[in-house]
Number of protein chains: 2
Amino acid sequence: MTTNPDSTRRVTMRDVARAVDMSPMTVSRALRGDETVNPKTRATIRDKAAELGYVYDTTAQAFRTQKSGFVAVTLPSINNANFAETFRGLTDALAGSGLQLLLGSTGYSVEKEEQLVGQLLTRNPEALILTGGHHTDETRKLLGAARIPVIEIWDLPDAPLGHVVGFSNADAMADTVAHLASKGHRKLAFLGASAVSDWRGAARRDGVIAAAAKLGLPPVTMIDAGQAPVSMRDGAQAVAAIGPSIADFDALVCVSDPVAFGALNACRRLGLDVPGDLAITGFGQFDVAMVSHPRITTVAVHANEIGARAADVLRDVFAGNNAPQVIDVGSEFQPGETS
Amino acid sequence: MTTNPDSTRRVTMRDVARAVDMSPMTVSRALRGDETVNPKTRATIRDKAAELGYVYDTTAQAFRTQKSGFVAVTLPSINNANFAETFRGLTDALAGSGLQLLLGSTGYSVEKEEQLVGQLLTRNPEALILTGGHHTDETRKLLGAARIPVIEIWDLPDAPLGHVVGFSNADAMADTVAHLASKGHRKLAFLGASAVSDWRGAARRDGVIAAAAKLGLPPVTMIDAGQAPVSMRDGAQAVAAIGPSIADFDALVCVSDPVAFGALNACRRLGLDVPGDLAITGFGQFDVAMVSHPRITTVAVHANEIGARAADVLRDVFAGNNAPQVIDVGSEFQPGETS
DNA sequence: CGGTAACATGTTATCGGTAACAACAATTGC
DNA sequence: GCAATTGTTGTTACCGATAACATGTTACCG
C-alpha cells in the first residue's frame, strides 16, 4: 500500500505521473489514447492509473478545453412516450461520440423553457436541442448570443432559430379529417388542451379546423380537456362530464392517443359503441393505440427518428459539414378500428 | 457599442469587472447574491453583466470549487411512466437547490450500468442515485471509491451501497395473490420478462411464487414475455401466441400494468371475458390501468414519492444531518375490475 | 476624539487538465 | 557518417471563477 500524503485529496494525473516517473502531459496523452505515446508506456500508465483508483476529471477537461461535452435538450415532459423515445433516439445516436445529454423539462411552458435555457447555457453546452418552435423573446436573445448550434424538433417553425427536425402537426391532421369525411362523418369535435401552452396541440387543432373547412364540413366543436399535458384521465373525464350526448357528434378527434384512449374507455363505460355511435381518432401512434381493442385510428410519428436525425445534424455541424437546415420527417395516417 | 478586443472570446467576470471598474471578486460576489456587496454596487454590476451579455460559467465554478452541482441518476429506461415520474419527483424536489440532474439509462443491464457509472463519475457528481439494487462488482468498487452519497431506489437491496428509498417488490405481490386466492382462483400464471435482466420483475415473480406456495396454491406457471423491458405489445403477443387456452388458468398475474393491458386486450380479441374467463392483474398503477374499462387490478407504487424522498435524503446528507438509511415507501394493492 | 466594530472591496493563489511549442533520441537516407 | 526525419516525452502557460486572507472606509461608542 503506497503512502498517501493526504488521504482525502483526489487522485490526479500528477499523482499518476509521479508514480510512473513521467510528466503529467504524457499521462494525459496516454489516458486519452494518443497514438504518439509508446504503447508500452501507455500500458504502464493505464495500469498505474487503475491501481491508484484514478478517475478522469471531465470537469477540468471541459474547463481547459472550453468544450463541455454536453448537448442540452429540453423536452416539454419526459413522462411522454414519444418525447422519451426521441430522447432515446438522441442518446443512442450520440453514444460513443463522447457527448453527454443534459436534460431539462419545460412543463409545456415557454417561461419555464426560458429559465431552463438560461440555466443550461451556464454549463457551456456545445449544442442545444429544443422541443417546439415557440419561445419567448428572451429565449431567442439568449440563443442568439450563445453562438452554438440550435436544433428545434417536433415542429416546423415559421422562424427557425437554427436547424429543424420535425414535421407539420397541422398537415398531419388533414389525412385524419379526410378519412373521417370519407366515412361520412360530418359533425366533428376536437378534444385537446385548453390553454395556449401546448403549441403542438394547438397546431393539430388548427389543422383539424382548416381541413374540416376545406372539405365543407360544419364548424368543429372544441372540447376542453384541461391544461397541458392532457392525459388519459383528462380524456376520460372530459367525455364522462359530457355524458351520452357525446354521441351527438359523428367523430371525436383527439389531440393524442392517450386522450383518445381515455375517451374511448369513457365511451365504453357510457355504453356507447365505438365506432358505431362515435368515431374516435388519436395522434402519435402510442403503444396504447396499437394494443387497444379496438385499435385506435392514429397518426404515426417518427419520434425515435427525430432524435436520430437531430444527432446526425449535430455530427455534421461539428464536423464542419453543412447540414440540412430543415428536415421534415413526416408522419403517416394509420387507420384503426375506432373510425 | 463598446469596443471588443476579440469578438469571438467569451465575456468573463473580468470583462464585467473592467466595465464597472471593480475587481472580479466583487463581481463574483454580486452575481451570486452575496449580501456583503453593497446593494447599489450589486445592481450596477448586474445591469452591466446583462448589458454585456455575460453568461455565468458553471464549469469554471465547478472546477474551482470542486463541486459540480450535479446529481447523477441512472434509470433502466426513461420510457416508462413510473421511472419518468420518479425522475420528475426528483427534479421538482431538487429545483431551487442549485443541483442539476445528470441522467443516464441502463437499458436494464448491469453491464451498461457499470459503464454509465464510470462515465458519470468523471463529471464529479455530488451524489449518485441508482435504480435497483443489483450491480456488478466493478460498479460497487467504483462507488466505494467515489466517496459520495449513493442512493438506491425502487428496491430494498440485501446489501445496500448507501441509502435506500424503495419498497419490497416481492411483498407487494403477496396481497395480489391473497386477493386472487380469496376469489377462488387457484391456477395462477405469471407473465413477465424472461431474462434475469429485470431484477425488479424477477423479485415480483418470486413474490408471486412464494405467496402462492404459502397459500397452498398449485405451482405458478411462468409465461415468457421476452426481454426486458416488456411492453404492452409483448403482453398482447404472449397471450395471442397461447390462444384461448390461456383461459385454462384462473388468473394471469402480470409483471406490470402495460403487460396486463396487453394481455387484457389480447384476451378480448380472443373473445374471452375478463374476469369471467380469466382474472388479470398488473403492477404499478399506470394510468392505463386506471382508465381502462375494465379497470385493471394493480398495485399502487409511489413513484413520485420515491424521487421526492430521495431528494430529502440528499438534502439531509448535504446539510450534514444524518438521513434514514432505508426508507420503505411501501405499495398498496388496488382491486380493479379484472379480478 | 481615539479606538473598535461593521461594512465593503481588493489581492493572491489555485482547482486539474491540455494546447502549443520545445527538446531529445532513434532511425532513415544518401 | 551526418543531415533530415520520425518517434517520444517534457515545459510552460492558461482556461474562469472563488476561498482565504488582507485592506481600506465609515459608523458608532463612551
Side-chain angles (χ1 to χ4, degrees), chain A residues 5-6 8-46 48-49 52-70 98 121-126 146, chain B residues 5-6 8-46 48-49 52-70 98 121-126 146:
Chain A
D6 179 353
T8 62
R9 222 192 70 245
R10 73 150 43 226
V11 179
T12 71
M13 279 190 182
R14 205 172 308 273
D15 299 320
V16 178
R18 251 193 296 271
V20 296
D21 195 30
M22 296 238 145
S23 77
M25 193 65 236
T26 304
V27 175
S28 173
R29 285 192 268 249
L31 294 179
R32 278 177 299 151
D34 190 323
E35 293 290 334
T36 70
V37 176
N38 184 301
K40 211 178 130 193
T41 309
R42 196 161 44 194
T44 310
I45 290 174
R46 289 220 165 133
K48 186 56 83 175
L52 295 178
Y54 170 73
V55 176
Y56 187 83
D57 188 339
T58 305
T59 303
Q61 181 194 44
F63 176 57
R64 170 60 180 124
T65 63
Q66 295 293 85
K67 293 181 71 183
S68 65
F70 283 127
L121 286 179
T122 72
R123 294 278 183 184
N124 292 318
E126 299 185 36
Chain B
D6 180 351
T8 62
R9 222 193 68 247
R10 75 153 37 226
V11 180
T12 72
M13 278 190 183
R14 204 174 309 273
D15 298 321
V16 178
R18 252 193 294 272
V20 296
D21 196 30
M22 296 238 146
S23 77
M25 195 63 235
T26 303
V27 174
S28 172
R29 284 193 267 250
L31 293 179
R32 277 177 299 150
D34 189 322
E35 292 291 335
T36 70
V37 176
N38 184 301
K40 212 177 130 192
T41 309
R42 194 160 47 195
T44 309
I45 290 174
R46 290 223 164 128
K48 185 57 81 176
L52 296 179
Y54 170 73
V55 176
Y56 187 84
D57 188 338
T58 304
T59 304
Q61 181 195 44
F63 177 58
R64 171 58 179 111
T65 63
Q66 294 294 88
K67 294 181 69 183
S68 66
F70 283 126
L121 286 179
T122 71
R123 293 280 183 184
N124 291 318
E126 300 186 35

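Chain identifiers are assigned alphabetically (A, B, ...) following the order of the sequence lines, protein sequences preceding nucleic acid strands; residue numbering begins at 1 within each chain.
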Exercise. Nearest heavy-atom pair of B:S23 and B:A17: which atoms, and what distance?
Worked result: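 Looks like C-CB, 3.7 Å.
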Rounding to a whole Å, what distance do you find between [X]:[atom1] and [N]:[atom2]?
| X | N | atom1 | atom2 | value |
| --- | --- | --- | --- | --- |
| B:R42 | C:dA8 | CZ | C1' | 12 Å |
| A:I45 | D:dG10 | CD1 | C1' | 12 Å |
| A:Q66 | C:dG17 | CD | C1' | 12 Å |
| B:R18 | D:dA17 | CZ | C1' | 15 Å |
| A:D34 | C:dG17 | CG | C1' | 14 Å |
| A:R64 | D:dA17 | CZ | C1' | 16 Å |
| A:K67 | C:dG17 | NZ | P | 18 Å |
| B:R123 | C:dG16 | CZ | C1' | 14 Å |

Looking at [options], which one has an atom nearest to any side-chain atom of [X]?
| X | options | answer |
| --- | --- | --- |
| B:R32 | D:dA19, C:dT18, D:dT9 | D:dA19 |
| A:R10 | D:dT18, C:dG17, C:dA19 | C:dG17 |
| A:D57 | C:dT9, D:dT18, C:dG17 | C:dG17 |
| B:M25 | D:dG16, C:dT9, D:dA20 | D:dA20 |
| B:T41 | D:dG10, C:dT9, C:dG17 | C:dT9 |
| B:T26 | C:dG10, C:dG16, C:dG17 | C:dG10 |

Exercise. Is B:R29 side chain donor-acceptor paired with the C:dG10 base, going by distance under 3.5 Å alone?
Worked result: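 Answer is yes: a donor-acceptor pair is held.
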Exercise. Is there side-chain contact between B:R10 and A:N124, with at least one heavy-atom pair below 4.5 Å?
Worked result: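 Yes; the side chains approach each other to less than 4.5 Å.
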Problem set entry | Side-chain touch A:L31/A:Y54, heavy atoms, less than 4.5 angstrom |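 Yes, close enough: below the 4.5 Å cut-off.
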For this session: Using Watson-Crick or G-U wobble geometry with both distances below 3.5 Å, tell me the partner of D:dC29, or none.
Result: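 Paired with C:dG2.
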Determine the contact category for [X]: base if any of its heavy atoms lies under 4.0 Å from a base atom, sugar-phosphate if only primed atoms, P, OP1 or OP2 are that close, otherwise nothing.
| X | result |
| --- | --- |
| A:T58 | nothing |
| A:T59 | nothing |
| B:T36 | base |

Looking only at side-chain N and O atoms, does [X] come under 4.0 Å of OP1 or OP2 in [N]?
| X | N | answer |
| --- | --- | --- |
| B:S28 | D:dA17 | no |
| A:Q61 | C:dG16 | no |
| B:T12 | D:dG16 | no |

Exercise. For DNA chain C, whose closest nucleotide is more 5', that of B:M22 or that of B:T65?
Worked result: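 Per heavy-atom nearest nucleotide, the more 5' residue is B:M22.
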Problem set entry | Which residue lies more 5' along DNA chain C, comparing B:F63 with B:D21 via nearest heavy atoms |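 Comparing both residues, the 5'-ward one is B:D21.
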Give, for atom [atom1] of [X] and atom [atom2] of [Y], the distance between the pair rounded to the nearest 0.5 Å.
| X | Y | atom1 | atom2 | value |
| --- | --- | --- | --- | --- |
| A:D57 | A:F63 | CG | CZ | 11.5 Å |
| B:M13 | B:I45 | CE | CD1 | 9.5 Å |
| B:T59 | B:R123 | OG1 | CZ | 8.0 Å |

